[in-house]
Amino acid sequence: MKYIDLRSDTVSHPTDEMREAMARAEVGDDVYHDDPTVNQLEADAAALLGKEAAVFVTSGTQGNLCALLAHCQRGESIIIGDTSHIFRYEQGGMAQLGGILPHTLPVQADGTMRLCDLENAINPDDEHKPVTRLVALENTHNMAGGVPISAAYTAEVADFARRNNLILHIDGARIFNAAAAFDVDVKSLVAGADSVTFCLSKGLCAPAGSILVGSKDFIRRARRARKVLGGSLRQAGVLAAAGLIALHKMRHRLAEDHRNAQLLAEGMSEIPGVALKSQNTNFVFFALADDAGAPLDEFVHKLRRDYNIFMSPYGGESGQIRLRTHFWIDRAAIDKVTSAVSAILS
Ligand SMILES: *Cc1c(COP(=O)(O)O)cnc(C)c1O
């Protein structure tokens, strides 16, 4: 590649193998359940996560929204982290389209919500209050810096949900990154969850598509939600063909992205003028030291103009830059990035 794009793992392109499989994919009308490639992807995804059924959706946002619409009635409330993707970056779809009220709780640096906060967030049976229906986790937690959430914590929240008659949904956009980080079977990370969304794009490299899993009855309702959201596709097997490679092949190599993120973090931390902030899974955050002598936007501009390296400043005020490794970022690319940053800051 003639450029190195670290802005996100969402920029990853499909692999050659995916493009070939897409060209050859057997297809049918998926609204009639007639697409064999989509059917295969849904069956394999459900089995892999240890759930009864799955539905292919166009994006993670659509998967999360289908889940919330299928689980909750209008006027009901869900407990969710204040920095969660669902609350911050999905346009409040649950409220806009589902009449669902988010009750937000602070997310700790490790991506979790305190159990005592969860307990206190449940509304009593009181006609003044919306009925609390669901609790949502995010794994890996995006705004906490890509930190993976453990099976032990998830089990505690699942137990809390069961004791209180709540549904547990996991936004597992990068759940396979979490499985790779802990080196565990993904089933253990979603064991107590009623539903899980995960992305086939991002680190898994498919060009589009996400999966929502849960019980058969739940998935039937989620498919209805997908339809009203305009998300039912016809010959979607061309996308599912790439999804199958994402699921069966690409997930096994995510640890390599994590090792590369670690190498990148180590390399960056040795450069005078760089203040490394964090590295978890495939995420790296850094800032420029006050005496680095380069304003952030000028630094980013120079990297793009002179070196074809793309980075995006993160969170405006925070003054940080976020990097995400993925399939198209290899060790040679990491060496190029650290020498370019050294050259700019020297
Ligand atoms: C990417 C992402 C989503 C879904 O995003 P889409 O762009 O709609 O596929 C949901 N949650 C998290 C944590 C994400 O990182």
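Counting starts at 1 for both ligands and their atoms, following the listed order.
Of the N or O atoms in Gln62, none lie within a sub-3.5 Å distance of an N or O in ligand 1. Any N or O atom pair closer than 3.5 Å counts here, and Thr140 shares no such pair with ligand 1. Checked against a 3.5 angstrom limit, the closest N/O atoms of Glu138 and ligand 1 fall outside it. Residue contacts with ligand 1: Ser210 is placed with no nitrogen or oxygen under 3.5 Å of a nitrogen or oxygen of the ligand (distance criterion only).
Every atom of ligand 1 with a heavy atom of Ser59 under 4.0 Å away is listed here by number and element: 8 (O), 9 (O). Atoms of ligand 1 found under 4.0 Å from any heavy atom of Arg174 (numbered from 1 in listed order, with element): 15 (O). In summary, the atoms of ligand 1 found under 4.0 Å from a heavy atom of Gly60, numbered by their order in the structure, are 4 (C), 6 (P), 8 (O), 9 (O).
Between the side chains of Arg114 and Gln108, at least one donor-acceptor pair of N or O atoms lies under 3.5 Å. Between the side chains of Thr197 and Asn64, a donor-acceptor pair is found at a separation under 3.5 Å. A donor-acceptor pair shorter than 3.5 Å can be found between the side chains of Gln40 and Asp44. At a cut-off of 3.5 Å, with distance as the only test, no side-chain donor of Asn260 or Asp330 sits close to an acceptor on the other residue.
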### Query
Would Lys202 and Asp257 satisfy salt bridge (Lys or Arg N to Asp or Glu O under 4.0 Å), going step by step from the backbone distance to the final call?
CA-CA 12 Å; Lys202 302 186 175 166; Asp257 293 343; over 6 Å; no
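Counting heavy atoms closer than 4.0 Å to ligand 1, residue Glu90 contributes side-chain atoms (C-beta onward) but none from N, CA, C or O.
Ring geometry, His71 versus Phe218: the interplanar angle falls under 30°, so the pair is classed parallel (tilted spans 30 to 60°).
Remark: minimum distance from atom 11 (N) of ligand 1 to any protein heavy atom is reached at Asp171 OD2, 2.6 Å. Closest to atom 2 (C) of ligand 1, if we only count protein heavy atoms, is Lys202 NZ, 2.3 Å. What sits closest to atom 8 (O) of ligand 1 on the protein, heavy atoms only, is Thr61 OG1, 2.6 Å.
The shortest side-chain heavy-atom distance between Ile329 and Leu264 does not fall under the 4.5 Å cut-off.
A salt bridge does not link Arg331 to Glu256: none of the charged side-chain nitrogens sits closer than 4.0 Å to a carboxylate oxygen.
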